[in-house]
Structures are given as C-alpha cells and as structure tokens.
Amino acid sequence: MNTGILILRLLVGLLVAGHGVQKISTHLGGRGLEGGTEEFRADGFRGGTLTALAAGGGQIGSGLLLAAGFLTPLAAIGAIGVMTVALTVKWHNGLWVQNDGYEYPLVLIGTSAALAATGPGAWSLDAALGLTPYPLWWAAIALVVGLGSGLLTRLVLHRPAPATPQAAAPGGR
C-alpha cells in the first residue's frame with residue numbers, strides 16, 4: 001500500500017507543480033509569466049500578473065508538498081483549490097479532455113482528496129516527522145475548503161462575459 005500511495009503522491013504532486021511552473025516560466029513548455037498572464041486574461045480573470053503568480057505559486061507549492069507527503073491535508077487543500085478554478089474555466093466544454101473539458105482538473109481534485117483521506121503513507125515527510133496518521137475528518141476539510149477557495153477565487157477574480165447585443169426582433173422592430 002505504501003508503494004502505491006508514494007507513486008500516486010509523486011505523480012499527482014509533480015504534475016500539479018509542473019503545471020504551476022508552466023504558468024510562470026518558460027520551463028516545461030511554459031510561455032513565461034507573460035504567457036501565464038495572457039492565459040488568465042483570455043479566460044476572463046482579473047489581476048493579470050498577480051493572478052498568474054498566485055496560481056503558479058499555489059500549484060508549485062501544493063504540488064511539491066503533495067509529492068513530499070508533507071502537511072498533506074494542507075497540500076490537498078491547495079491542489080484542490082487551484083484545480084477547482086481550472087475546472088470552472090473548462091466547465092462549459094463538458095467533461096472530456098479532447099474537447100478541452102474538465103476531466104484532468106477533476107482527476108487531480110479527486111486524487112488530492114483521496115490522498116487527504118488515505119494520508120501520505122509511510123514513505124513521507126509527514127510520517128518521518130510523526131505527523132501521521134491524520135484523522136479522516138481532514139479529508140472532508142480539505143475537500144470543502146479546497147472547493148470553496150477555488151469557487152471563491154472564481155467569484156472574486158472572474159469578470160462576467162460581455163453582454164452580446166440581442167438580435168433584432170422579427171418584422172424590423
């Protein structure tokens with residue numbers, strides 16, 4: 001079991017962190033901070049550079065914490081939060097990733113919640129420091145606070161789409 005949890009932690013944690021690196025640098029195929037800023041603006045978010053830095057930093061930090069198995073419930077909250085924002089951006093495209101849907105963020109949210117529920121396993125910094133096992137209620141807190149922070153971020157930082165002019169009424173009115 002510990003081997004499986006370690007593999008899962010490393011995979012998800014490093015993918016989340018790598019996604020953050022792409023937001024703020026040209027490493028791992030990123031377009032740099034300017035590209036990350038443009039991406040958030042194109043998706044309708046305020047804040048520009050600050051938004052890209054916060055999202056990228058949140059992804060890097062929470063991803064590395066998950067990978068290391070350190071402060072796992074807090075790491076899960078961060079990953080769930082940033083991936084919830086990503087899910088809201090892709091929601092209108094439907095579930096499947098081939099249509100630019102929210103499948104990938106949903107998998108990362110679910111996996112982060114599962115890691116909060118199972119704990120980081122014996123081969124983790126949490127275990128080495130005697131912080132485990134975490135009570136199961138931490139998983140519920142991670143899910144609720146993570147989802148809530150992502151939805152709140154969307155609510156506060158997302159600009160409403162511009163209104164489209166209504167088509168002229170039939171009959172030339």
Side-chain angles (χ1 to χ4, degrees), residues 1-30 36 39-40 43 51-155 157:
M1 185 162 103
N2 287 313
T3 303
I5 292 173
L6 174 65
I7 292 168
L8 194 59
R9 262 194 9 249
L10 290 172
L11 177 66
V12 171
L14 294 176
L15 283 174
V16 170
H19 201 67
V21 168
Q22 291 178 322
K23 293 272 184 278
I24 62 173
S25 76
T26 57
H27 298 291
L28 304 178
E39 179 184 343
F40 278 101
D43 288 336
T51 301
L53 281 170
Q59 289 171 329
I60 293 167
S62 62
L64 291 177
L65 288 173
L66 273 178
F70 184 52
L71 303 175
T72 302
L74 181 63
I77 288 169
I80 292 168
V82 295
M83 291 290 94
T84 297
V85 175
L87 186 147
T88 68
V89 169
K90 296 180 175 296
W91 183 260
H92 70 279
N93 296 326
L95 175 63
W96 303 113
V97 74
Q98 68 264 28
N99 298 322
D100 197 29
Y102 59 90
E103 174 185 3
Y104 179 64
L106 182 61
V107 167
L108 294 177
I109 290 166
T111 308
S112 297
L115 286 169
T118 62
W123 301 325
S124 66
L125 286 177
D126 282 347
L129 296 171
L131 299 175
T132 56
Y134 288 103
L136 186 56
W137 51 263
W138 266 111
I141 289 174
L143 192 56
V144 169
V145 173
L147 291 172
S149 67
L151 294 172
L152 183 61
T153 298
R154 170 71 181 219
L155 182 68
L157 293 180

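Everything numeric in this text was worked out from a predicted model, so none of it was measured. The chain is numbered in sequence order, starting from 1.
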| request: Give, for atom CG of Leu157 and atom CG of Asp43, the distance between the pair rounded to the nearest 0.5 Å. | output: 12.5 Å
| How long is the span from the CG atom in Leu136 to the CD1 atom in Ile141, to the nearest 0.5 Å? | 10.5 Å
| message | Assess the residue pair Thr111 and Leu11 against the criterion (side chain to side chain contact (heavy atoms under 4.5 Å, CB included)); give the C-alpha distance rounded to whole Å, side-chain angles, the decisive distance to 0.1 Å, and a yes or no. | response | CA-CA 10 Å; Thr111 308; Leu11 177 66; over 6 Å; no
| message | With rounding to the nearest 0.5 angstrom, report the CG to CG distance, Asp126 to Leu74. | response | 10.0 Å
| field | side chain to side chain contact (heavy atoms under 4.5 Å, CB included) between Trp138 and Thr72, worked out | value | CA-CA 9 Å; Trp138 266 111; Thr72 302; over 6 Å; no
| pair Leu71-Leu131: side-chain heavy atoms closer than 4.5 Å | yes
| note | For Gly69 and Ser124, the nearest pair of non-hydrogen atoms, with its separation, is O-CB, 3.6 Å
| request: For residues Gly101 and Pro105, report the shortest heavy-atom separation together with the two atoms involved. | output: O-CD, 4.5 Å
| request: Decide side chain to side chain contact (heavy atoms under 4.5 Å, CB included) for Asn2 and Leu6; before the verdict, give the C-alpha distance in whole Å, the side-chain angles of both, and the deciding distance to 0.1 Å. | output: CA-CA 6 Å; Asn2 287 313; Leu6 174 65; over 6 Å; no
| said: Give me the atom names and distance for the closest heavy-atom approach of Ala75 to Leu65. | reply: CB-CB, 3.5 Å
| request: Indicate the atoms forming the closest heavy-atom contact of Ala113 with Leu143, along with that distance. | output: CB-CD1, 4.0 Å
| query | CG/Leu87 to CG/Leu108 distance, rounded to the nearest 0.5 angstrom? | reply | 10.5 Å
| field | Euclidean distance, Ile109 CD1 relative to Thr84 OG1, rounded to 0.5 Å | value | 3.5 Å
| request: Check whether any side-chain N or O of Gln22 sits under 3.5 Å from a backbone N or O of Gly29 as a donor-acceptor pair, and report yes or no. | output: no
| field | Beyond-backbone contact of Ile5 with Trp123, side-chain heavy atoms, under 4.5 angstrom | value | no
| said: If I take atom CE from residue Met1 and atom OG1 from residue Thr118, how far apart are they, to the nearest 0.5 angstrom? | reply: 7.0 Å
| task | Kindly give the heavy-atom pair with the smallest separation between Pro73 and Ala142, and that separation in Å. | result | O-CB, 4.0 Å
| What are the two closest heavy atoms between Val16 and Ser62, and how far apart are they? | CG1-OG, 3.9 Å
| field | salt bridge (charged side-chain N to carboxylate O under 4.0 Å, His left out) contacts in which one or both residues fall within residues 99-125, not counting sequence neighbours | value | Lys90-Asp100
| task | State whether the side chain of Arg9 and the backbone N or O of Leu115 hold a donor-acceptor pair below 3.5 Å, judged by distance alone. | result | no
| message | Working note: Met83 + Val107, criterion side chain to side chain contact (heavy atoms under 4.5 Å, CB included); need CA distance, chi angles, decisive distance, verdict. | response | CA-CA 9 Å; Met83 291 290 94; Val107 167; over 6 Å; no
